[in-house]
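Have a look at the structure below before the remarks.
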Amino acid sequence: MAGSSFRDRVEAGQALAQKLREYSIPHDAVVLGLPRGGVPVAWEVARELGLELDVLNLRKLGLPGQPELAMGAIAEDGTRYLNTLLVDRLRIPQEDIERVEAEEKAVMATRTRLFREVRPQADVTGRTVILVDDGVATGATMELAVQVLRKRGAEWIIVAVPVGPPGTIERFSEIADQCVCLLEPPRFNSVGLWYLDFDQVSEEEVIRALEDSLADRQSRDN
């Protein structure tokens, strides 16, 4: 694949962790991965920096007929972000939006139960949060994530991704307190283009990352 720059999400997470070492990050910061693809990247960041790992359970609202393109996103607490400019431009009916939202809420509820059986939701109040995904395109899901963390009382939010288009990264430099991105290709196309291995991440892999992170934290504390 001609455009690829990362072998896989593990390599991307390790590279991102090295970049984040250049910043003054408090020892009680928490790394939040966006499921599912962002979690393997976030786990590498958390492991390399010795930080707590959790997931921020969100679901993209894909366009009807083009599910890979986000028209918005929803969070497990019910918060919704909708790209009204895109929705209006494409004249997407309200009933289509409601149908997609209902489908994604059902998936999110199942995943929330699975993930919270492993660990309760991390308390981000007054803390620095490193918000990680395997990349951003339109940024709809990440934008909702920042909104959710503001509402939950995070003190400082760092959006950290391996790759994203320049316009989106510039926007997150304003929306978040900090934005760290390794690659900003002008001809972006899609996140997957920049990975040799971009296989889908399963719920089992997310759960294993949470379990491994808890075990790693316990071994560090002993």
Side-chain angles (χ1 to χ4, degrees), residues 1-26 29-56 58 60 68-70 72-73 75 81 83 86 124 127-150 154-201 206 209:
M1 191 181 299
S4 61
S5 290
F6 301 108
R7 183 175 62 249
D8 53 21
R9 291 180 178 89
V10 170
E11 182 180 84
Q14 292 169 349
L16 195 56
Q18 290 305 310
K19 183 64 177 177
L20 286 163
R21 289 185 188 278
E22 300 174 11
Y23 298 83
S24 297
I25 296 174
V30 59
V31 180
L32 297 184
L34 297 189
R36 293 175 290 180
V39 176
V41 183
W43 168 216
E44 295 302 322
V45 171
R47 175 161 49 189
E48 292 285 338
L49 301 182
L51 299 175
E52 181 181 357
L53 174 72
D54 193 12
V55 298
L56 184 58
L58 306 174
K60 175 175 69 177
E68 72 286 349
L69 182 60
Y81 164 77
N83 186 335
L86 182 65
V124 302
R127 300 173 71 181
T128 291
V129 176
I130 305 174
L131 191 54
V132 178
D133 205 351
D134 52 15
V136 292
T138 66
T141 307
M142 187 67 81
E143 187 159 343
L144 176 63
V146 173
Q147 291 179 18
V148 169
L149 291 174
R150 296 281 187 215
E155 182 176 303
W156 190 263
I157 300 172
I158 303 171
V159 168
V161 292
V163 62
T168 301
I169 298 305
E170 182 179 1
R171 189 166 93 250
F172 278 108
S173 296
E174 300 170 356
I175 294 171
D177 297 300
Q178 244 173 324
C179 184
V180 178
C181 181
L182 302 179
L183 296 175
E184 299 180 44
R187 295 184 179 182
F188 176 74
N189 200 341
S190 69
V191 173
L193 180 69
W194 303 95
Y195 288 83
L196 280 171
D197 177 0
F198 199 64
D199 287 345
Q200 191 174 54
V201 176
V206 174

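- The shortest distance between side-chain heavy atoms of V41 and P162 falls below 4.5 Å.
- Not counting sequence neighbours, the partners of N189 by the side-chain contact (heavy atoms from CB on, under 4.5 Å) test are L193.
- Here the shortest heavy-atom pairing between G37 and D133 reads C-OD1, 4.2 Å.
- Residues passing the side-chain contact (heavy atoms from CB on, under 4.5 Å) test with A137, sequence neighbours excluded: F188.
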Residues 176-187, side-chain donor-acceptor partners within the protein, below 3.5 Å, at least two apart:
residue, atom, partner, partner atom, Å
D177, OD2, R150, NH1, 3.0
D177, OD2, I157, N, 2.7
Q178, OE1, W156, NE1, 3.0

Quick one: do L51 and V45 satisfy side-chain contact (heavy atoms from CB on, under 4.5 Å)? Show the steps, please.
CA-CA 8 Å; L51 299 175; V45 171; 5.7 Å; no
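- Annotation: salt bridge (Lys or Arg N to Asp or Glu O under 4.0 Å) contacts of E52 (sequence neighbours excluded): R119, R127.
- Here the OH-CD1 distance, from Y23 to I130, works out to 11.0 Å after rounding to the nearest 0.5 Å.
- Sorted by first and then second residue, the pairs that involve residues 29-44 and meet salt bridge (charged side-chain N to carboxylate O under 4.0 Å, His left out), not counting sequence neighbours, are R36-E203, E44-R47.
- In this structure E170 satisfies the side-chain contact (heavy atoms from CB on, under 4.5 Å) test with no other residue, sequence neighbours excluded.
- F6 contributes atom CZ, which lies 8.0 Å from atom CG of L16 (distance to the nearest 0.5 angstrom).
- Between the CG atom of L58 and the OH atom of Y81 there is a distance of 13.0 Å, given to the nearest 0.5 Å.
- For the pair L69 and K60, the tightest heavy-atom approach, listed with the atom from each and the gap, is N-NZ, 4.4 Å.
- Summarising the geometry, atom CG belonging to L49 is positioned 5.5 Å from atom CD1 belonging to I25; distances are rounded to the nearest 0.5 Å.
- Summarising the geometry of A70 relative to L86, their closest heavy-atom pair is O-CD2, 3.5 Å, with the distance given to 0.1 Å.
- Looking at residues two or more places apart in sequence or on another chain, you find a side-chain contact (heavy atoms from CB on, under 4.5 Å) between E48 and Q14, A17, Q18, R21.
- Applying the salt bridge (Lys or Arg N to Asp or Glu O under 4.0 Å) criterion to E22, with sequence neighbours excluded, gives K19.
- Within the 4.5 Å cutoff, the side chain of L32 has heavy atoms near those of the L149 side chain.
- Contact record, L56 with A145: CD2-CB, 3.6 Å, taken as the closest heavy-atom pair.
- The two residues L53 and A42 have their closest heavy-atom pair at CD1-CB, 3.7 Å.
- Under the side chain to side chain donor-acceptor pair (under 3.5 Å) criterion, the residue pairs touching residues 134-148 are R9-D134, E143-R171, with sequence neighbours excluded.
- Closest heavy-atom contact between Y195 and A12: OH-CB, 3.6 Å.
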